[in-house]
Amino acid sequence: MNNNDESAPVLVAVAWPYASGSRHLGHLAGAYLPADVFARFQRLAGCDVLMVSGSDVHGTPITVRADSEGTTPDEIVDRYHKEFLDNWQKLAISWDLYTSTGTNNHAEVTHDIFMKLYEKGHIDKRSSEQFFDAEAGRFLPDRYIEGVCPHCEYSEARGDQCENCGRTLDPEELIKPISKISGSEPTLKETEHFYLRLSDFQVALSDWLSSRKGWRNHVLNFSKGWIEEGLHDRAITRDLDWGVSVPVAGIGEGKKIYVWFEAVIGYLSAAKEWAKNKGVEDAWEKWWCNPNSRSVYFIGKDNIPFHTIIWPAMLIGYGDLNLPTDVPANQYVTFKGGKASASRGIGLTISESLEVFEADSLRYALAASFPEQSDTELTVEEICRRINEELVATWGNLVNRVLSMIYNSCEATIPSGELRTEEDLKLLSTIDQIIERAGQEIDNVELRSALQTGMSGAAEINAYLNSLEPWKLSKTDPERAATVLGTALSAIGGVRVCLSPYLPFSTQLLDEIFGPVDIWQRKEPQTGKKIEKPKPLFKKVDIDLLDLDD
RNA sequence: GGCGACGUAGCUCAGUAGGUAAGAGCGCUCGACUCAUAAUCGAGAGGUCGACAGUUCAAGUCUGUCCGUCGCUACCA
């Protein structure tokens with residue numbers, strides 16, 4: 001992060017999960033969890049964090065799903081929004097606000113942005129012909145039209161692409177087009193739509209992107225490639241009845257703002273909603289209008305152009321709002337070589353995972369595999385391995401190890417640190433350096449590395465114990481044994497700080513000894529305090545007992 | 001087809017502006033220890049850095065071609 005003001009406000013903007021179905025581990029590892037780790041760290045580092053997101057509730061897939069289930073879009077959205085909220089609660093994702101794009105506030109903010117861009121001439125009206133399904137009474141997105149591919153004669157080619165020969169298509173090219181919704185033959189019909197003049201921003205965006213420092217290579221390359229190909233103006237309205245209304249009259253009935261235009265506005269509308277809830281209407285400006293504020297967007301790589309091109313274009317056009325400071329988009333978590341996809345049954349959904357893994361264990365295993373630089377292959381076996389061989393063996397066991405010795409040979413009393421020797425102080429100094437380094441890594445959104453750094457602290461403490469053997473000292477020199485154990489405990493307190501953004505539940509179990517984690521620094525435990533008989537922080541998982549299909 | 005990326009130890013991944021004889025974790029082998037969730041600690045084995053050609057005093061790191069994998073292709077968001 002290129003900002004020397006460490007206490008600057010930080011907007012943690014997180015991809016809006018699409019409420020058309022369950023989200024899977026790829027989404028969790030790609031966006032929500034990294035954002036949470038980052039936000040938790042920034043709060044401990046003393047920054048004013050505003051972490052927002054919400055369910056994206058509009059768009060054709062939701063209406064189609066509702067139709068096919070014989071229910072309403074509201075019902076679909078409600079179902080998955082509730083599931084997401086349940087997921088977040090079980091995972092302790094620390095939103096300052098998790099809302100949805102279905103609020104009045106969001107519609108108002110969207111209208112404001114639309115109108116300003118319209119008045120400035122960045123939005124204009126054009127007409128085109130699109131396929132219309134008379135039976136269903138709606139215009140059809142390309143992918144909902146099926147027909148025979150003009151190239152390979154595959155009979156189930158979609159209007160946007162033929163899955164057989166891979167060619168990109170225009171729906172008009174299809175032979176014998178059929179509506180996937182009603183099965184009837186669609187007809188071309190004239191319709192008017194508003195377009196965002198992305199081409200207006202070609203130069204400004206190019207300059208802006210060229211000046212970005214410290215961004216991930218794949219994010220920058222992909223974005224620049226998009227711009228070099230030339231930015232095309234995009235329709236931002238759709239012939240739908242499910243969505244945010246168009247604030248300008250005169251383009252006919254049944255038009256709504258297209259989801260990709262309004263969903264990204266959610267970052268701003270959520271900040272405003274948060275401010276309203278707080279009772280200070282303009283509190284959102286601290287993150288959006290303050291030049292010292294950072295805004296970091298956590299998304300998957302499939303969302304890159306929306307966050308590095310389209311949304312910045314809208315912000316430039318609107319004016320006086322902060323552009324993204326960084327967009328550390330993650331690559332994909334893959335299962336058996338392919339992109340995770342709940343709808344195709346590849347990989348576990350978040351809900352399924354939470355039925356078989358403890359939240360912190362799952363958080364650990366995913367964080368250790370965040371696809372920060374390249375796609376990362378993940379299996380259930382790998383998740384179990386991470387939990388058992390790393391989290392439990394190195395860290396969970398260490399805590400249990402030290403607390404058990406204190407409980408058994410120090411009369412369950414936290415020893416004082418008064419008699420520490422040089423080697424004791426050396427351990428603590430090593431831990432303090434680890435805390436410092438892990439903090440820098442998290443600030444740079446190198447979350448995987450920072451986790452490993454934190455875990456190396458646990459290994460240091462284990463090595464310290466092995467070399468000083470307090471279990472022997474307790475028989476020959478109880479006073480020295482107590483000092484060693486007290487030192488190890490203090491060091492554990494330091495490692496716990498490093499791990500707290502990743503493991504909020506289990507690190508909280510140590511509050512009784514150390515008090516809450518409220519600063520990115522090691523704090524001494526409370527000398528002389530009695531401790532309870534220790535219980536392991538985590539359970540090992542037995543993969544054979546997991547009830548999994550794949 | 002076009003675009004982007006990836007292919008580094010058995011597995012999952014790092015390798016910053018090309019330069020000390022290629023790294024981490026896990027697994028494996030050997031050893032130490034036995035306080036701890038049979039956990040811990042130390043040592044070691046293991047790689048012609050996808051293939052080929054080129055630029056350079058010097059390439060995992062740059063260029064080209066090829067092979068393989070993945071994603072995107074703007075009306076899924």
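Because only heavy atoms are used, hydrogens play no part in the values below, and waters and symmetry mates are left out as well, while side chains stay in.
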Please give, in whole Å, the distance from [N] [atom2] to [X] [atom1]?
X	N	atom1	atom2	result
A/Ile304	B/U73	CD1	P	12 Å
A/Arg23	B/C76	CZ	C1'	10 Å
A/Tyr464	B/G42	OH	C1'	19 Å
A/Met455	B/C26	CE	C1'	12 Å

How are the rings of A/Tyr98 and A/His81 set to each other: parallel, tilted or perpendicular (split at 30° and 60°)?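 Ring orientation of A/Tyr98 relative to A/His81: parallel.
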Could you check whether [X] pairs with [Y] (Lys NZ or Arg NE/NH1/NH2 to Asp/Glu carboxylate O, under 4.0 Å)?
X	Y	value
A/Glu382	A/Arg386	yes
A/Arg448	A/Glu441	no
A/Asp124	A/Arg126	yes

Would you give a per-nucleotide map of nucleotides 5-17 of chain B, 5' to 3', where B means the base has a protein non-hydrogen atom under 4.0 Å away, S means only the sugar-phosphate does, and - means neither? S------SSS---
How does each nucleotide of nucleotides 35-40 of chain B score, in 5' to 3' order, for protein heavy atoms under 4.0 Å: base (B), sugar-phosphate only (S), or none (-)? BBB-SB
Measure all distances between protein nitrogen or oxygen atoms and nitrogen or oxygen atoms of nucleotides 49-51 of chain B, and list the pairs falling under 3.5 Å.
none

If I pick the P atom on B/C11 and the same atom on B/G50, what distance separates them, to the nearest angstrom?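 14 Å, rounded to whole Å.
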Say you pick atom P in B/U48 and the same atom in B/G23; how far apart are they, in whole Å?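 So the two P atoms sit 15 Å from each other.
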ring-ring contact (aromatic ring centres under 6.0 Å, His included), paired with A/His307, selected from A/Trp16, A/Tyr267, A/Phe298: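 Only one option passes, and that is A/Tyr267.
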Can you give me every donor-acceptor pair (side chain of residues 488-495 of chain A, partner residue at least two apart or in another chain, under 3.5 Å) with its distance?
{"unit_1": "A/Ser490", "atom_1": "OG", "unit_2": "A/Arg522", "atom_2": "NH1", "d": "2.7"}
{"unit_1": "A/Ser490", "atom_1": "OG", "unit_2": "A/Glu524", "atom_2": "OE1", "d": "3.3"}
{"unit_1": "A/Ser490", "atom_1": "OG", "unit_2": "A/Glu524", "atom_2": "OE2", "d": "3.0"}

Once you apply a heavy-atom cut-off of 4.0 Å, does A/Gly230 come out as touching a base, just sugar-phosphate, or nothing?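 Since a base atom lies under 4.0 Å of A/Gly230, the category is base.
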Tell me if the aromatic rings of A/Phe201 and A/His122 count as close, with their centers under 6.0 Å from one another.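 Yes, the ring of A/Phe201 comes within the 6.0 Å limit of the ring of A/His122, centre to centre.
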Could you give me the stems involving RNA chain B, meaning stretches of three or more consecutive Watson-Crick or G-U wobble pairs whose two defining distances are both below 3.5 Å?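 Runs of three or more consecutive pairs: B:1-7 with B:67-73, B:10-13 with B:23-26, B:28-32 with B:40-44, B:50-54 with B:62-66.
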With A/Ser128 via side chain to side chain donor-acceptor pair (under 3.5 Å) - residues at least two apart: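 Testing A/Ser128 for side chain to side chain donor-acceptor pair (under 3.5 Å), a comparison that skips the adjacent residues, returns none.
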